[in-house]
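Note sheet for the following structure.
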Amino acid sequence: MFLYVWFFILGAVIGSFFQVCKDRLPLGLDIVKGRSFCFDCLHPLQWFDLIPIVSYVMLKGRCRYCHHRISLFYPIFEMMSGFLLVLLVYYESQVIKAILLFLLIMDFITISLIDRQWQIIPDEMIILEIFIVSGLMPYSDVSLWEHLIGILIISMPLLLLNFWIPDSFGGGDIKLLMVNGFMLGYIKIILAFTIAVLLGGIYASYLLFYKKTHRHHHIAFAGFLCVGILISLFFGEYILYFYSYLFI
Ligand SMILES: [Zn+2]
């Protein structure tokens with residue numbers, strides 16, 4: 001029990017770090033150097049203003065200096081991060097693997113949130129994922145060749161498509177497909193991409209049908225891609241098994 005409390009705190013602290021990435025990277029600010037500051041009054045924050053969840057409750061959700069409301073998003077995000085790590089450690093017998101999967105999901109959530117707001121995927125988040133994926137490699141059960149083919153099997157056609165129809169897919173999406181193609185291997189990245197296109201297609205049809213957007217408007221694809229990758233990573237085996245059972 002005590003161990004899970006510790007993992008909850010660790011998860012919340014890491015969640016708080018990813019919030020910093022989400023707020024600072026799109027603005028070109030450094031995520032390691034440079035003190036945190038209130039985004040409203042720009043007053044630098046002390047360490048005791050930055051304790052996940054606790055500071056929000058102590059300050060009653062307002063900035064200590066300008067009393068501007070702090071979004072409820074922050075403590076909720078930190079709490080969910082804590083619970084997510086506890087959940088993964090509980091279900092995954094290897095603690096190191098659980099922590100790496102946690103970092104992967106947090107990286108994806110951050111990428112999705114940034115892409116939704118700014119239509120970019122910062123390279124820093126992709127580089128961070130390369131480290132996470134390297135750590136996950138010993139747990140992989142597909143061959144090196146499958147990993148290597150995975151890098152190019154989706155990203156290459158999309159890159160070619162971009163020459164044909166410029167900006168049909170963002171550069172960030174393609175980099176994401178390369179890294180995760182390596183992580184998943186070529187079969188599961190095809191599955192991940194298929195799920196992402198289906199989900200993105202349903203969402204785009206919904207927007208067009210209710211006239212919330214027009215045909216040439218870009219939708220942020222990274223979120224769908226991340227969901228597709230996670231479904232393929234965690235349930236790919238079952239989906240492919242059922243698929244082969246039904247059609248072959
Ligand atoms: Zn303030």
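Everything numeric here is computed off the predicted structure, so don't read it as measured data. One-based numbering, in listed order, for ligands and for the atoms of each.
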Check: Phe39 ring centre within less than 6.0 Å of Phe37 ring centre = yes

For the side chain of His67 and the backbone of Arg62, is there at least one donor-acceptor N/O pair under 3.5 Å apart?
-> no

Cluster membership besides Ile51, Ile/Leu/Val/Met/Phe/Trp/Tyr side chains within less than 4.5 angstrom, sorted by chain and number, is Trp47, Phe48, Val54, Met58

For the Zn ion (ligand 1), check which protein N, O or S atoms are under 2.8 Å away and list them.
-> Cys38 SG, Cys41 SG, Cys63 SG, Cys66 SG

Residue set satisfying side-chain contact (heavy atoms from CB on, under 4.5 Å) with Pro26, at least two apart, ordered chain then number -> Ile114, Trp118, Ile120

Mind checking what makes salt bridge (charged side-chain N to carboxylate O under 4.0 Å, His left out) contact with Asp23, not counting sequence neighbours?
-> none

Counting N and O atoms only, with roles assigned by atom type, does the side chain of Thr110 sit under 3.5 Å from a partner on the main chain of Met106, one being a donor and the other an acceptor?
-> yes

